Amino acid sequence: MNNEALKTIRLYDTLLGEKVPFEPRDPGKVNMYVCGLTPSNYPHIGHARTAVVFDVIQRIFLYFGYKVNYCSNFTDIDDKIIAKANEEGCSPKDLAQKYIQIYLESLETLNIKPPGCFAKVTDHISEIIEMVEVLISKGFAYESGGDVYFSVRSFKPYGKLSKRSIKELLVGARIEPGEKKRDPLDFALWKAAKPGEPSWESPWGKGRPGWHIECSAMSLKYLGGSFDIHGGAQDLIFPHHENEIAQAEAYSGIEPFSKYWIHAGWVTLNKEKMSKSIGNVFKLSEALSLVHPNVLRYFFISTLYSSPLDYDVKNLHQAAKSLERIVLTIKRLFDYSSSAQKVKTGADSILEKWRNDFDEALADNFNTPQAIGVIMHAVKEINRWIKELTLSKEDANFWYHQMNTWMEILGFNEVENTNFALFSEEEIVAKLKDLMNKHKIDVDEQQSLDEMIKALVNLRKKCREEKQFVLSDQIRNELFQLNIVLEDTKEGTTYRFSEELQ
RNA sequence: GGCGACAUGGCCAAGUGGUAAGGCAAGGGUUUGCAAAACCCUCAUUCGUCGGUUCGAAUCCGACUGUCGCCUCCA
C-alpha cells in the first residue's frame, strides 16, 4: 500500500458501542496507547492474547501505510508488587525488573513487534505529581491525610465508557478501612507511604502514585491530547479506563482523552475468565511448551479479537492442523517445479480479488478470522493448480511469496519453519535411539536428529524394495507414534513432524 | 440485587436486513503396495425458544431460557 490512498479502517469503539470509520488526529499517523501490565508474576495466556491482538492491529495499520506511534507501559510500583517483593525477599524494583524482562522475552518469542515506547511508572513520578497538583487546583481532587483522591462526583461524564451511573455504582461501594475518602467512589491518585514502602517526595509528603493515574499521565506525555486509540483488555474498561478518562479530561480539559477505545476479549478456561482471585491462570510458558508460537498466534487470531476465547488443548490442536495445511501448501509451492507451462488459472484477476478480500477483511474491524478464510480459499485453489500442473514455475514462485506476505502481515514468524512436533527434541532423540536399537541400526552419538530419522527411513526403503511391507509399515507406524509422518513421493520419502493426536 | 455481553452444524468460527465463509472432525471417491499429503463429492431449508416489525431477519424489537462477565485485584 502506498501513502497516497490510505485504506479506511472501520473499528468497533467501546465508548460509542458501534463500528465507526477510523480518522486519525494526525493524517496518516496512528497514536496508540495500550495498557500493559503490572509485572508481579509470570505472564499468562491472557497477557499473550492481548499482546498478540494489538501486535496484529499495529501490523495492519502499518500494512495499510499508516505510521504508528505505539506506546505501552509497565505499572512497576503498586500494592501487588510490594506484597510480592516481600514474598520473594527482594526489592520491589528488582521484582518488577525481573518480570518485565520475562515479559519482554515472551514478546520476542511470540514475534510481537514491541511498542515504540514502553513507559514505566517509576520513571514518570514528576509528571504524575504535576497532574495531581493540577487536579487538586481545579477542584477535581483533594488531599486527605497524605493521600490524594479523585472526586468522582466532580466529573459529570463519569461512567460513559463502562455505561454505568454513579447511582448504580454506589450500590455495593464502600470505604475500606484505612482509606480516607470523602465518597466511596473516589479513587486514590496518590497514596501516602506506609513504613518500609518505596516512596517519593511530593507536596503531600512521601508517597507513591495510585493505580490509573500513571496511564493518563504517560499517554498524554507521549501521545498528546485526543490521541487516536486507547486499548487494553476488556477487564480494564472498569474501573481503570473509566478512571483514566475522568483524570485526563478533568486535567487537560481536552475531550476526548482518546478518540477510540479498543478492548480485547479475555481468555477463558472452561468458559470461565482467568482470574487472579479464582486462581485459574494458565501460564504462557505452559502453552508454549505444548505448541510452537506460530500455532498459539494462529489460535489467537482465528477468533475476532474482541470475542472471548476459550483456552482448550483440543482447540489448540485444531489451530495446529489448520496452520499446518497452510504451511504445507507454502512448502509445496516452494518445491514445485514443473515444466514451464503457461498459466491457465486466470491468476491475475484472482489475485486482485483475493488481495482485495484480504484487505477488506482486515480493514473491517481487524477481522483476522475472515482474512484467514481468504488465505484458506487460496490454499485450496493453489493446491488444485499444482495438482493439475497449471502453474508455471514463475507463478509458483509468485504465489509462494504472496502467501508468505499474507502470513507476515498477520505476524507469523518464518511460518515455513513452524514446528508441529509434540515432543521435545531430547525425547524424540531418546525414542529414536530405542527404535534404532530395536531394528539393529548402529547408533552414533554424533548423529543428528535428521540423520537418525533418515537411517530408519532407509531401512524402511530397503524393506519396501524387498516387498517386506509388514516391516516397512511397522517402521512407518513407529515413527508416527513420535509424530513423525512419512510421505512417499516420486522423488523419494520425506518426513515431517505433524501434530497428529494418537 | 443492579447493569451488561453472548447463544450459528460433532467441535472451533465468520457473517449484523437480501436469503448460512472457512477450518478441524466424519463418510464416499481419485491417488498409493498400503499410507500420508493433495484434489473431487457429502455433511446447518437453518442460526437458543416463543412472538412481533418487514416484500424479506441469523441479522431489528419484545418476552423467555441458558452461559459468562462487571459492580473487589485482574490482560
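Source: prediction; values computed, not measured. Here is the naming used below: chain letters follow the sequence lines, and residue numbers restart at 1 for every chain.
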J.: Let me know the distance between CG of A:D312 and P of B:C24, rounded to the nearest Å.
T.: 18 Å
J.: On the side chain of A:R164, is there an atom forming a donor-acceptor pair with the base of B:G2 - under 3.5 Å, no angle test?
T.: no
J.: Kindly give the atom pairs (protein nitrogen or oxygen, nucleotide nitrogen or oxygen) under 3.5 Å for nucleotides 5-13 of chain B.
T.:
residue, atom, partner, partner atom, Å
B:C11, O2', A:K314, NZ, 3.3
B:C11, O2, A:Q318, OE1, 3.4
B:C11, O2, A:Q318, NE2, 3.1

J.: Mind listing the N/O atom pairs, protein and nucleotides 35-38 of chain B, below 3.5 Å?
T.:
residue, atom, partner, partner atom, Å
B:A35, N6, A:D488, O, 3.1
B:A35, N1, A:D488, N, 2.8
B:A35, N3, A:R476, NH1, 3.1
B:A36, O2', A:R496, NH2, 3.1
B:A37, O4', A:E487, OE2, 3.3
B:A37, O2', A:R332, NH2, 2.3
B:A38, O3', A:N383, ND2, 3.3
B:A38, N3, A:K387, NZ, 3.1

J.: Between B:U49 and B:U59, how far is it from one P atom to the other, in whole Å?
T.: 11 Å
J.: Between A:E466 and A:K462, is there a salt bridge with N-O shorter than 4.0 Å?
T.: no
J.: If you take the centroid of each ring, where Trp contributes its six-membered ring, are A:F22 and A:F61 closer together than 6.0 Å?
T.: yes
J.: Using the C1' atom as the point on both nucleotides, what is the distance between B:A25 and B:C43, in whole Å?
T.: 11 Å
J.: For B:A5, give its Watson-Crick or G-U wobble partner with both distances under 3.5 Å, or none.
T.: B:U67
J.: Could you measure between the two P atoms, the one in B:A13 and the one in B:C3, and give it in whole Å?
T.: 29 Å
J.: With A:V53, which residues qualify under side chain to side chain contact (heavy atoms under 4.5 Å, CB included), at least two apart?
T.: A:R49, A:I57, A:A264, A:Y305
J.: Using atom P of each nucleotide, how far apart are B:C6 and B:U16 to the nearest Å?
T.: 13 Å
J.: Any side-chain N or O of A:K167 below 4.0 angstrom from OP1/OP2 of B:G2?
T.: no
J.: Between B:U8 and B:A58, how far is it from one P atom to the other, in whole Å?
T.: 15 Å
J.: Please name all residues satisfying ring-ring contact (aromatic ring centres under 6.0 Å, His included) with A:Y495, sequence neighbours left out, ordered by chain then number.
T.: none
J.: Which residues satisfy the side chain to side chain contact (heavy atoms under 4.5 Å, CB included) test with A:V379, sequence neighbours excluded?
T.: A:R325, A:I326, A:T329, A:I375, A:N383, A:M403
J.: Rounded to whole Å, please give me the gap between CD1 in A:I82 and P in B:C73.
T.: 16 Å
J.: Return the nucleotide paired to B:A25: Watson-Crick means purine N1 to pyrimidine N3 with N6-O4 or O6-N4, wobble means G-U with N1-O2 and O6-N3, both under 3.5 Å.
T.: none
J.: Roughly how far apart, to the nearest Å, are B:U53 and B:U19 at atom P?
T.: 23 Å
J.: Distance check needed: B:U30 C1' versus A:E388 CD, whole Å only.
T.: 12 Å
J.: Evaluate the criterion side chain to side chain donor-acceptor pair (under 3.5 Å) for residue pair A:N270 and A:Y311; output intermediate values, then yes/no.
T.: CA-CA 7 Å; A:N270 295 322; A:Y311 179 82; over 6 Å; no
J.: Polar atom pairs between nucleotides 59-62 of chain B and protein, under 3.5 Å, N or O only, would you list them?
T.:
none

J.: For A:R59, what residues pass the side chain to side chain contact (heavy atoms under 4.5 Å, CB included) criterion, not counting sequence neighbours?
T.: A:D55, A:N111, A:K113, A:R297
J.: Between A:D357 (CG) and B:G15 (P), how many Å, whole number?
T.: 14 Å
J.: Return the set of residues passing ring-ring contact (aromatic ring centres under 6.0 Å, His included) with A:W266 (not counting sequence neighbours), or none when no residue passes.
T.: none
J.: Between B:A20 and B:A63, how far apart are the C1' atoms? Round to whole Å, please.
T.: 26 Å
J.: For the pair made of CD in A:E381 and C1' in B:C40, what is the distance, rounded to whole Å?
T.: 12 Å
J.: Side chain of A:E168 only, heavy atoms from C-beta on: which candidate in B:C3, B:A75, B:G33 is closest?
T.: B:C3
J.: Answer yes or no on whether A:K393 is positioned over the face of A:Y336, meaning its NZ or CZ is under 6.0 Å from the six-membered ring centre and within 45° of the axis.
T.: no
J.: With sequence neighbours left out, write down each residue that passes ring-ring contact (aromatic ring centres under 6.0 Å, His included) with A:H212, or none if nothing qualifies.
T.: A:F187, A:H240
J.: Is there any salt bridge (Lys or Arg N to Asp or Glu O under 4.0 Å) pair reaching into residues 473-488 of chain A, and which pairs are they, with sequence neighbours excluded?
T.: A:K438-A:E478, A:R460-A:D488, A:R464-A:D488, A:D473-A:R476, A:E487-A:R496
J.: List the residues meeting ring-ring contact (aromatic ring centres under 6.0 Å, His included) with A:F118, not counting sequence neighbours, and say none if there are none.
T.: A:F74
J.: Looking only at atom C1', what distance separates B:C34 and B:C41, rounded to whole Å?
T.: 23 Å
J.: Can you sort out the partners of A:D364 under side chain to side chain donor-acceptor pair (under 3.5 Å), two or more places apart, ordered by chain and number?
T.: A:K19
J.: Let me spell it out: for each of A:G232 and A:S162, pick the nucleotide of RNA chain B with the closest heavy atom. Which residue's pick is nearer the 5' end?
T.: A:S162
J.: Does the ring of A:F469 meet both stacking tests against the six-membered base ring of B:G33: centre distance under 5.5 Å and plane angle under 30°?
T.: yes
J.: Roughly how many Å is it from CD in A:Q370 to C1' in B:A20, rounded to a whole number?
T.: 13 Å
J.: What's the closest nucleotide to the A:T38 side chain, out of B:G2, B:C34, B:A75?
T.: B:A75
J.: Decide yes or no, distance alone: a donor-acceptor N/O pair under 3.5 angstrom between the base of B:G33 and the side-chain of A:D473.
T.: yes
